[in-house]
Amino acid sequence: MRWSRSFIPTLRDNPADAEFRSHQLLIRGGFVRQLAAGIYSYLPLGQRTVLKIIRIIRDEFDEAGAQEFFLPALHPADLWQETGRWADMGENMFRLKDRFGRDMCLGMTHEEVFTEIARKEVRSYKDLPQIWYQIQTKFRDEARPKSGLLRLRQFIMKDSYSFDVDRAGLDRSYDIHHQLYCRIFTRCGLKFVAVEASSGAMGGSQSEEFMVRTEAGEDFVVSCACGYAANLERAVSRLDKISDEPSSGEPRAVSTPGQKTIAEVADFLKVPPTHQIKSLVYIVADKPCLLLVRGDHQLNEAKLMAAARTVLVRPARPEEIRELFGADAGSLGPVGVRNLPILADPELQGRSNMTCGANKDDFHLQGVTPGVHFKAEWADLRAVQAGESCVQCGKPLEIYKAAEVGHIFKLGTKYSQSMGAVVLDAEGKQVPIVMGSYGIGIERILSSAVELYHDDDGIIWPASIAPFSVIITPVNYKDAVKAAADRLYDELRTAGIDVLLDDRMERPGVKFKDADLIGIPYRVVLGAEKLSKGQAELFNRATRQTELIDINTVPSVVRERLQAGGIR
RNA sequence: CGGGGCGUGGCGCAGUUUGGUAGCGCGUACGGUUCGGGACCGUAAGGUCGGAGGUUCGAAUCCUCUCGCCCCGACCA
């Protein structure tokens, strides 16, 4: 492309409402423009980058024998009603009615539609396994779109689905995807880690997320030098045993006027938070439930969802708590509770002589021993905290922010069962298809690459997803320099290299600044003086190193560099 | 949904407290001088001040309502 004829609207100033570097640079560099909250237009430069990413994904999926589909974005409600997700998706689903008043929605994901095809067309185990994928626009009415292109309401997703006759087949399809994802993210130049994840409302047994470490992300990864890595929603750790004074007899009530928080009670009764029981009331699938964690621990709602096998959880409202316990939050405890289930974190198991609320305002109980003074069902509920010991090696755990660029799930038969997608197996028995579901967020690759690779001057694209591989910058686009630039431009294009020729009548400084901003990996600078000696400058955007090379060798050197970086 | 911030030429901002009919920088167009890291001089175009209603002789400015965007939280297959 010739810059003079391209639409690359770069900006000198950062847009006022962009906070993260990726967001600022993608707008300043003329890659994207915002249309509405969480909805962006991809300008030519952005689109080129998106297409590069998509090409890598297609390349890998096709190579692995997966087949590309293109499914509707507009779905009839009844399909989603079959799996119950019409209700489960709640506010996050864009819903509309057609002219006849029929309920429709915009697809957030495509398990239902793909399963619909499978149940109609796939009859026999001989038709399996299948891996079907598509690259398509998804819609989610996020409560709060944010972080530029990291959390969108309309976004492009590669979603794929595996169909197998049994669990072993699913395991294989899942492993194929795991490998594919590693190859794809590596080819996109990302530094990433695969972590254990919680499957949330998707259902299913096992899932892993592919995470890129960045402050712009919204997930937390718990990781250890030994290789252990998990989403905070799923992570576990090892804690030191706490020795308790043996408790004698029944719990005793003590007056704690106005002492509500763990910290206040710790101060007032001289009982450290580790020796207190934190009592929380949640409404789980419309039923109240008492949740217990150690005083210094935090409840993780994703773990609660996993334990309760429902996504329908919320904290109880103050009036609900009052009605259930006859006391307010801050004076609650498990002792004597009969009217609702109690779920307790295992860190309370085996403890004794603890302190908790008395279910009477301004009173607490001391000398409480879990398992003796109350019975509970045990379930991991607490969030791991940085510095706790790794379960694998005992070293301290680190917690950092990350963006989820991909997620793979073993779904099992949740969808095939509810939708009646069955095949005959080798024994002639009807069995539900065993499914997997796998997603990659295209814009998330785009923005996390920028988060990962930029400097004060702009973006530093990994060559594999850069909108152009090379930019030719003639210092002055005239006379011999112009002729040389034009010739080089033709040569590079002929060599099949994506090249941008900055043929604008701009001062050199402007061209350099713009080239830095849009992040083209290699820049060939042509100036009259060097050219008269038959030389060109090859500038590496990432290292900022310039080398003088014979102008005639530019195409071969550039091609060599790109190939060394894994391009083409 | 709760809390906070912001909407003024294409972009970044001032002006709002104390009402008097809109300004700066960048960008854009034209002319000229420049030309290896966002040049300089001159000229010019471009804004119903997010929208509606109200108060007032007069509203970017005060009041009411409303729409939008950003941030924190809630939420997030």
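Letters go in sequence order (proteins before strands), and every chain restarts at 1.
- Along RNA chain B, the nucleotide nearest A/D17 and the nucleotide nearest A/A143 are compared for position; the residue whose nucleotide lies closer to the 5' end is A/D17.
- A straight line from CG of A/L152 to P of B/rC69 spans 13 Å, rounded to a whole angstrom.
- With both ends at atom C1', the span from B/rG51 to B/rG68 equals 10 Å, rounded to whole Å.
- Put simply, CG on A/N14 is 16 Å from P on B/rC70, counting in whole angstrom units.
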Nucleotides 25-27 of chain B: which of its N/O atoms have a protein N/O under 3.5 Å away?
residue: B/rG27; atom: OP1; partner: A/R12; partner atom: NH2; Å: 3.1

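- To the nearest whole angstrom, the two C1' atoms, one in B/rC49 and one in B/rG2, are 30 Å apart.
- Between A/Q34 and B/rC70, a side-chain N or O to OP1/OP2 separation shorter than 4.0 Å is present.
- Between A/R561 and A/E547 there is a salt bridge, since at least one side-chain N of the basic residue sits less than 4.0 Å from a carboxylate O of the acidic one.
- Judged as a side-chain hydrogen bond (donor to acceptor under 3.5 Å, both in side chains), and not counting sequence neighbours, A/Q136 has no contacts.
- Residue contacts for A/R33: at a heavy-atom cut-off of 4.0 Å it reaches no nucleic acid atom on any strand shown.
- For the C1' atoms, the distance from B/rG38 to B/rG47 is 26 Å, rounded to whole Å.
- Closest contact between the side chain of A/A16 and the listed nucleotides B/rG12, B/rG38, B/rC71 involves B/rG12.
- Each of B/rG36, B/rG37, B/rC35 was ranked by its minimum atom distance to the side chain of A/D516; first place goes to B/rG37.
- Across B/rG12 and B/rC6, the matching P atoms stand 16 Å from one another, rounded to whole Å.
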Please output the side-chain donor-acceptor pairs of residues 31-40 of chain A that fall under 3.5 Å, not counting sequence neighbours, one pair per line with the distance.
residue: A/R33; atom: NH1; partner: A/I27; partner atom: O; Å: 2.7
residue: A/R33; atom: NH2; partner: A/P9; partner atom: O; Å: 2.8
residue: A/Q34; atom: NE2; partner: A/A36; partner atom: O; Å: 3.3
residue: A/Y40; atom: OH; partner: A/H23; partner atom: NE2; Å: 2.7

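- Side-chain proximity of A/R151 to B/rC76, B/rG37, B/rC69: nearest is B/rC76.
- Across B/rC35, B/rG36, B/rC75, the shortest atom-to-atom separation from the side chain of A/K530 is found for B/rG36.
- The only member of A/K511, A/R28, A/R544 that meets salt bridge (charged side-chain N to carboxylate O under 4.0 Å, His left out) when paired with A/D516 is A/R544.
- Among the atoms of the strands shown, none is found under 4.0 Å from any heavy atom of A/M505.
- In this structure, A/A36 reaches the sugar-phosphate backbone alone: every heavy-atom distance under 4.0 Å involves primed, P, OP1 or OP2 atoms, never a base.
- Straight-line distance between the C1' atoms of B/rA22 and B/rU8: roughly 8 Å, to the nearest whole Å.
- A salt bridge links A/D486 with A/K482; the closest basic N to acidic carboxylate O contact falls under 4.0 Å.
- The residue A/D514 sits close to a base: some heavy atom pair falls under 4.0 Å.
- Looking at A/E537, its side chain comes within 3.5 Å of the base of B/rG36 through a donor and an acceptor atom.
- Aromatic ring centroids of A/H177 and A/Y161 lie 6.0 Å or more apart.
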Side chains of residues 297-305 of chain A: which donor-acceptor partners sit under 3.5 Å, not counting sequence neighbours?
residue: A/H297; atom: NE2; partner: A/R294; partner atom: NH2; Å: 3.4
residue: A/N300; atom: OD1; partner: A/A302; partner atom: N; Å: 2.9
residue: A/N300; atom: OD1; partner: A/K303; partner atom: N; Å: 3.2
residue: A/E301; atom: OE2; partner: A/Y282; partner atom: OH; Å: 2.5
residue: A/K303; atom: NZ; partner: A/A235; partner atom: O; Å: 2.6
residue: A/K303; atom: NZ; partner: A/D380; partner atom: OD2; Å: 3.0
residue: A/K303; atom: NZ; partner: A/R382; partner atom: O; Å: 2.8

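- Two residues are said to be in side-chain contact when any heavy atoms from C-beta on lie closer than 4.5 Å; A/I262 and A/K278 meet this criterion.
- Counting only heavy atoms from C-beta on, A/K146 has its side chain closest to B/rC71 among B/rC71, B/rG37, B/rC76.
- Picking from B/rA39, B/rG36, B/rC76 the nucleotide with the shortest atom distance to the side chain of A/V475 gives B/rG36.
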Close N or O pairs between protein and nucleotides 49-52 of chain B (under 3.5 Å):
none

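- Residues of residues 37-46 of chain A having a heavy atom closer than 4.0 Å to RNA chain B, listed by number: A/A37.
- If you check every strand for non-hydrogen atoms under 4.0 Å, A/S147 touches sugar and phosphate atoms only.
- Closest approach to the A/V525 side chain among B/rC75, B/rC76, B/rG36 is made by B/rG36 (side chain taken as heavy atoms from C-beta onward).
- Across the interface with RNA chain B, nearest-nucleotide mapping of A/L35 and A/G527 shows A/G527 to be the residue nearer the 5′ end.
- At a cut-off of 3.5 angstrom, the base of B/rG36 holds no donor-acceptor pair with the side chain of A/R523.
- Residues that satisfy the side-chain hydrogen bond (donor to acceptor under 3.5 Å, both in side chains) test with A/W3, not counting sequence neighbours, are absent from this structure.
- Taking the C1' atoms as reference points, B/rA14 lies 38 Å from B/rC75, given to the whole Å.
- We find that A/E218 and A/R444 are joined by a salt bridge, their nearest charged nitrogen and carboxylate oxygen being less than 4.0 Å apart.
- When the P atom is used for both B/rU34 and B/rC41, the distance is 15 Å, rounded to whole Å.
- The aromatic rings of A/H75 and A/W80 lie parallel to each other, their planes meeting at an angle below 30°, with 60° marking the opposite boundary.
- The side chain of A/E218 has B/rC76 as its nearest neighbour among B/rC76, B/rU34, B/rG36.
- Contacts of A/R5 classified as side-chain hydrogen bond (donor to acceptor under 3.5 Å, both in side chains), with partners at least two apart in sequence or in another chain: none.
- Nucleotides B/rU17 and B/rA60 place their P atoms 12 Å apart, quoted to the nearest Å.
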Give each protein N/O atom lying under 3.5 Å from an N/O atom of nucleotides 2-10 of chain B, with the pair distance.
none

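- Remark: P of B/rA39 and CD of A/E506 are 9 Å apart, rounded to the nearest angstrom.
- A salt bridge between A/K158 and A/E60 is absent, with no side-chain N of the basic residue lying under 4.0 Å from a carboxylate O of the acidic one.
- Across the protein-nucleic acid pair, A/L526 atom CG and B/rG36 atom C1' stand 12 Å apart, rounded to whole Å.
- If you measure from atom CG of A/D457 to atom C1' of B/rG37, you get 9 Å, rounded to the nearest angstrom.
- With sequence neighbours excluded, the residues forming a side chain to side chain contact (heavy atoms under 4.5 Å, CB included) with A/K401 are A/E215, A/F220, listed by chain and number.
- Judged as a side chain to side chain contact (heavy atoms under 4.5 Å, CB included), and not counting sequence neighbours, A/E323 has no contacts.
- Take A/Q47 and apply the side chain to side chain contact (heavy atoms under 4.5 Å, CB included) test, not counting sequence neighbours, and it matches A/Y42, A/V50, A/L51.
- Counting non-hydrogen atoms under 4.0 angstrom, A/P9 reaches nothing in the nucleic acid.
- If you look at A/F192 and A/Y181, their ring centroids are not closer than 6.0 Å.
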